[in-house]
Amino acid sequence: MLITLEKILLEYDPEAKNLLPALEKISAVFGYVSRENARKVADYFSLPESKVYETASFYDLVNIKKQPNLIIKVCSGTHCAVSDSRKIVEEIENKLHIKAGDENNPRVKLEIISCLGRCGEGPVAVINDKVYERVTAGGVGEILEEWI
Amino acid sequence: MQNSTKIITQHWNDINPLKIEDYLNVGGYKALHRFVKKMSPRQAIEEIKKSGLCGRGGAGYPTGQKLEMVGVSGATEKYFICNLDESEPGTYKDRMLVDYDPHLLIEGVIIVALSVGAYKAYIYINGNYKKQKDILEIALAQAREKNFWGAGILGSEYDLEIEIFSGAGAYICGEETALINSIEGNRGEPKLRPPYPTDAGLFGKPTAVNNAETIANIPWIISQGGEKYAKIGAACSPGTKLYILGGTVKNPGVVEAPTGITIRELIYDFGGGLPEGKDFWFAQIGGASGKLVVENELDIPLTFSRDCPIPLGSGAVLVVDKSVDIHDLILSWTGFFRRESCGKCVPCREGTFRLDEIAGRLKDGKISDRDKQAVYDILWTLNNTTFCPLGKFAATAFSDAISKLKILGD
Ligand SMILES: Cc1cc2nc3c(=O)[nH]c(=O)nc-3n(C[C@H](O)[C@H](O)[C@H](O)COP(=O)(O)O)c2cc1C
Ligand code: SF4
Ligand code: FES
């Protein structure tokens, strides 16, 4: 069954406290909040479109741009950092010929992110929504093969 | 040592977190019964004041006093918010609390919310804690079925609604006024205070915000009494604390121990010390925002007192040995604060950015004399001129690395 924006919005009463949860949900379902959808959200909540963007653009879990198919995130929190997460980033950069933080590649994005609260199982990487724990630089190749 | 009082982790391994019966079998929700049948909200707050409990979210503010401020307000609409946004690097104690004993937290939330006279409580959970959100939803449904919250709680006049609000990935939203902004549908930027949330918080109404661990102490205090609690741990900030041991220790993980314990006891008695062949270099207490301690400071007792030279913060203890590349850790700090600065004020937005750039050049061995001079200006500015404490947090570890680890030379 196709999930439409209208259906998502109906799960939320048009109150201020539901704006961020609705945006999160839309971003999770469609990958991002498009201009057109932002306009519909604004209408639904009776807010100016600029206000919807103001809120949407602030949060990591709400995207306002179309995302590449492959999104790789590597935790750089303190615990992961002292267990060599930087080497994992370098390994991915070399293997995929990309640079962490580059927003312009339409196929893949490598992001350095903050602690995910899984520090005991670090270093942690997330590909699309799949979480990998105790990642090593040597194990990067095998993980990437699942996706490419 | 290992047998000392357990308040929060008491049942972590002997109950199934998804079964309310298990929690009831070990005496769960007895504190709520006691509160509803035998105590007035004022008496409950009195008990919490007597306990000396102070905030576990980092600042150590006396919990009873905060609750009283909201409790005495005559406003008809008030809120209680449980802060489960936990996103300080290296910190996952509040997550474990939900993983192992969600009803303890829920019981605490109900008692505190009713004590301050709130009809609505929010549990604001870190947006990455999806599994924990599911656990809480299940546990909340079970508790509602037993009439522990909802309308006419346990046959009394008390009504309470509880709602989970999922954060959207912003460290600054752990700060209570930013958190409130984000529930209100705004950007998660801190607000100017006064007014304090206790006067004008969520939707402008009196609001108490407490950390999840703080709240998890409440059922014990209501059952056993504030005086008994006040005898545990350090007199200035009594009770137990969840410490998160990580880095180069034999037994990493979350442990519950009294406040006032020394860093050495945590690392060696609880953490089992460092693995063979690793030499201790320093530890960082309280996550990326925390201070560094070197060997001769390991006997400092950790408390929430302002006089404690090493703030306990989130309770994270990161042990770093001499084989670690310090530049990786420095870049972890600077990158974190650069990403998480909310951008509202210039000193922090620019300062965290510049500090991260300099840390990059330091790693590449390309740091100039100008950089070295600039670092002191940036750190001073972060420390003294930013709108909220995040600026200070961004300067703390870096400053210690300069003075204690001599990362810029002598
Ligand atoms: C930048 C920043 C981040 C914070 N993050 C958290 C957090 O993740 N969890 C938390 O409970 N408190 C956090 N706090 C503290 C809260 O503002 C607030 O003091 C706390 O939730 C009050 O609860 P307590 O008195 O029980 O500690 C943060 C504060 C600042 C300045
Ligand atoms: S200090 Fe940083 S996080 Fe705090 S208000 Fe200023 S920019 Fe935002
Ligand atoms: S530091 Fe990486 S998960 Fe916490």
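What you see is a predicted model; the values in this text were computed from it and never measured. Residue numbering restarts at 1 for every chain, and letters A, B, ... go by the order of the sequence lines.
Separating the NZ atom in A:K17 from the OH atom in B:Y122 is a distance of 4.5 Å, to the nearest 0.5 Å. Atom CG of residue A:L20 and atom CG of residue B:N181 lie 11.0 Å apart, to the nearest 0.5 angstrom. Taken from CG in B:D328 to OG in A:S85, the straight-line distance is 7.0 Å, to the nearest 0.5 Å. Atom CG of residue B:N186 and atom CD of residue A:E54 lie 7.5 Å apart, to the nearest 0.5 angstrom. B:L329 CG to A:H79 NE2: the interatomic distance, rounded to the nearest 0.5 Å, is 10.0 Å. Atom NZ of B:K130 sits about 7.0 Å away from atom CG of A:D129, to the nearest 0.5 Å.
Of the two parts of B:T91, only the backbone, made up of N, CA, C and O, holds a non-hydrogen atom closer than 4.5 Å to a non-hydrogen atom of chain A. A:K51 touches chain B through its side chain: at least one heavy atom from C-beta onward sits under 4.5 Å away, while N, CA, C and O do not. For B:Y171, no part lies under 4.5 angstrom from a heavy atom of chain A. Contacts of A:L19 with chain B are made by side-chain atoms alone, with heavy-atom separations under 4.5 Å and no backbone atom involved. Interface residue A:E24: only side-chain heavy atoms are found under 4.5 Å from chain B. B:L202 does not touch chain A: none of its heavy atoms, backbone or side chain, sits under 4.5 Å away. Residue B:E184 touches chain A through its backbone alone, counting heavy-atom pairs closer than 4.5 Å. Using a 4.5 Å cut-off between heavy atoms, B:A288 touches chain A through backbone and side chain atoms alike.
Chain B forms more heavy-atom pairs under 4.5 Å with one residue of A:L23, A:N18, A:D60 than with any other, namely A:D60. When B:V324, B:L318, B:V320, B:N128 are compared by the number of non-hydrogen pairs under 4.5 Å with chain A, B:L318 comes out ahead. The candidate with the highest count of non-hydrogen atom pairs below 4.5 Å against chain A, out of B:G188, B:S182, B:G335, is B:G188. Heavy-atom pairs under 4.5 Å with chain A peak, among B:E88, B:E163, B:K93, at B:E163.
You'll find the side chain of B:F336 stays beyond 4.5 Å of the side chain of A:I113, heavy atoms only. In this structure, the side chains of B:C173 and A:Y59 come closer than 4.5 Å at one or more pairs of heavy atoms.
Summarising the local packing, CZ of B:R187 is surrounded by more than 12 heavy atoms from other residues, nucleotides or ligands at distances under 6.0 Å. The number of heavy atoms from other shown groups lying within 6.0 Å of CD (A:E11) is above 12. Heavy atoms from other residues, nucleotides or ligands lying under 6.0 Å from OH of B:Y100 number 12 at most. The local environment of CD in A:E6 is crowded, with over 12 non-hydrogen atoms from other residues, nucleotides or ligands closer than 6.0 Å. By the 6.0 Å contact criterion, CZ on B:F387 is enclosed, its count of non-hydrogen atoms from other residues, nucleotides or ligands being greater than 12. Counting heavy atoms of neighbouring residues, nucleotides and ligands inside a 6.0 Å radius, atom NZ of B:K363 exceeds 12 of them.
Side chain of B:Y129 to main chain of A:L116: no donor-acceptor pair is present (N/O by atom type, distance under 3.5 Å, no hydrogens or angles).
The two residues B:Q284 and A:T78 have their closest heavy-atom pair at OE1-CG2, 4.0 Å.
Checked by atom type, the side-chain pair A:R86/B:S332 shows no donor-acceptor distance below 3.5 Å.
Screening A:S114, A:C80, A:C119, A:C115 for a side-chain contact (heavy atoms from CB on, under 4.5 Å) involving B:P89 leaves a single residue, A:C115.
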